Amino acid sequence: MESCLDETRCSVTCEKGHKQRIVRCMNINNQPVNERLCRQSPKPPVTVSCFTGSCKTEWFTSHKWSKCSVPCGKGQQSRAVLCGRKGGHTLTSTHCSQSKKPGSTRSCNSGKCQAKWVATDWSECSVDCGKGTQVRTVFCAGKVGGKFQELPDHACLRTSKPITSKLCGNNSCQPQWFTSQWGEVHDKLCTIYAMKPLYDSIHDSPASEPTHTM
């Protein structure tokens with residue numbers, strides 16, 4: 001018996017080519033033996049032709065578009081767009097003509113949104129007294145398929161969007177002490193002047209000479 005082993009790949013990536021294989025004469029125990037023992041039947045070809053598909057490249061697209069990106073209003077759909085050969089493998093997009101590439105996205109409209117702005121309660125004022133601010137969350141929402149859910153902002157009328165912050169506070173703040181930063185304290189050298197007589201007798205000199213102590 002003869003066995004064909006280790007068939008190689010086609011010699012080309014597209015159109016017609018050839019591939020090779022090893023042909024051996026094997027006994028019933030699947031062991032190679034002398035080819036003369038297989039002469040009773042013609043030897044299978046070592047080389048065979050192969051075809052890996054047309055060399056012409058083209059764009060392929062998925063059959064279905066994705067769901068619309070929004071449940072209502074204007075959204076977007078996408079699909080896969082690949083470059084390849086018929087009967088061959090997928091190639092990088094550089095192998096196909098970019099001018100003939102089909103679109104991978106398109107706009108979609110899932111119907112008019114019955115949407116409106118929804119605002120949460122205002123937060124507490126940021127200060128206990130004086131001027132502060134209050135904030136709240138505002139989002140677009142509406143019914144889709146009978147269920148109330150949050151929607152993209154563009155589904156609601158932007159000009160009617162409620163404010164998200166406002167001023168708050170009062171003038172009831174009680175007066176209180178405010179202190180500056182501590183400064184440096186400098187020691188001052190004080191001079192004390194004392195008067196002592198220049199002479200023992202007041203009659204000798206009525207004037208006195210000042211002296212000072214540290």
Side-chain angles (χ1 to χ4, degrees), residues 6-21 48-171:
D6 303 327
E7 190 173 274
T8 61
R9 291 182 179 181
C10 195
S11 58
V12 294
T13 56
C14 61
E15 297 297 342
K16 292 181 179 181
H18 65 273
K19 53 185 177 180
Q20 295 180 328
R21 60 185 177 180
V48 294
S49 62
C50 55
F51 181 77
T52 56
S54 172
C55 286
K56 182 181 178 182
T57 60
E58 55 184 297
W59 293 104
F60 295 90
T61 61
S62 56
H63 296 293
K64 293 183 178 180
W65 288 90
S66 66
K67 291 183 178 180
C68 196
S69 58
V70 292
C72 63
K74 293 182 179 180
Q76 198 172 62
Q77 288 177 293
S78 61
R79 65 177 178 179
V81 179
L82 303 172
C83 174
R85 299 188 181 102
K86 284 186 177 180
H89 299 288
T90 302
L91 305 172
T92 60
S93 59
T94 55
H95 289 82
C96 291
S97 172
Q98 298 301 309
S99 61
K100 296 181 180 181
K101 183 178 181 179
S104 58
T105 60
R106 70 178 182 182
S107 59
C108 55
N109 193 321
S110 298
K112 186 177 180 181
C113 293
Q114 300 297 324
K116 63 179 181 179
W117 293 109
V118 178
T120 60
D121 293 335
W122 287 104
S123 67
E124 294 184 359
C125 193
S126 58
V127 295
D128 294 328
C129 65
K131 293 182 180 180
T133 56
Q134 286 178 284
V135 295
R136 65 179 176 179
T137 301
V138 177
F139 59 93
C140 181
K143 282 189 175 181
V144 178
K147 295 181 179 181
F148 194 76
Q149 65 183 50
E150 186 174 351
L151 302 173
D153 282 359
H154 61 73
C156 289
L157 187 64
R158 290 186 180 276
T159 55
S160 64
K161 184 176 182 179
I163 60 173
T164 57
S165 65
K166 67 177 182 179
L167 296 175
C168 61
N170 54 65
N171 295 322

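Just so you know, these numbers use all the heavy atoms, side chains as well, and skip hydrogens, waters and symmetry mates. In this text the structure is predicted, and so the values were computed from the model without any measurement. Note that the numbering runs from 1 along the sequence shown for the chain.
- S104 contributes no side-chain N or O that, together with a main-chain N or O of V81, makes up a donor-acceptor pair within less than 3.5 Å.
- Looking at heavy atoms from C-beta onward, W59 lies in side-chain contact with S93 at the 4.5 angstrom threshold.
- In this structure, CD on Q134 lies 9.5 Å from CG on L167, to the nearest 0.5 angstrom.
- Across C156 and A115, no two heavy atoms sit closer than the pair SG-CB, 3.7 Å.
- Note that the NZ atom of K166 and the CZ atom of R136 stand 7.5 Å from one another [nearest 0.5 Å].
- What you find for S69 and C108 is that their closest heavy atoms are N-SG, 4.2 Å.
- Shown here for S11 and G17, the closest heavy-atom pair between the two residues is OG-CA, 3.6 Å.
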Does the side-chain contact (heavy atoms from CB on, under 4.5 Å) test come out yes or no for K19 and V48, once each step is laid out?
CA-CA 6 Å; K19 53 185 177 180; V48 294; 3.6 Å; yes

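- For CD of E150, the number of neighbouring non-hydrogen atoms (other residues, nucleotides, ligands) closer than 6.0 Å is greater than 12.
- Here SG of C50 is found 10.5 Å from CD of Q20. Values are rounded to the nearest 0.5 Å.
- Within the 4.5 Å cutoff, the side chain of K116 has no heavy atoms near those of the L157 side chain.
- A donor-acceptor contact shorter than 3.5 Å is absent between the side chain of T137 and the backbone of T120.
- Here the closest heavy-atom approach between residue C96 and residue G84 is recorded as SG-N, 3.9 Å.
- From C140, atom SG reaches atom CD of Q149 across 10.5 Å, with rounding to the nearest 0.5 Å.
- Minimum interatomic distance between W117 and V138 (heavy atoms only, all atoms of both residues): CE3-CG1, 3.8 Å.
- Residues passing the side chain to side chain contact (heavy atoms under 4.5 Å, CB included) test with L91 are T57, C83, R85, H95, sequence neighbours excluded.
- What you find for K161 and D153 is that their closest heavy atoms are NZ-OD2, 3.9 Å.
- Counting only residues at least two apart or on different chains, the side chain to side chain donor-acceptor pair (under 3.5 Å) pairs with a member in residues 75-84 are S66-S78, Q77-R106.
- Going from atom SG of C168 over to atom CD of E124 covers 10.0 Å, rounded to the nearest 0.5 Å.
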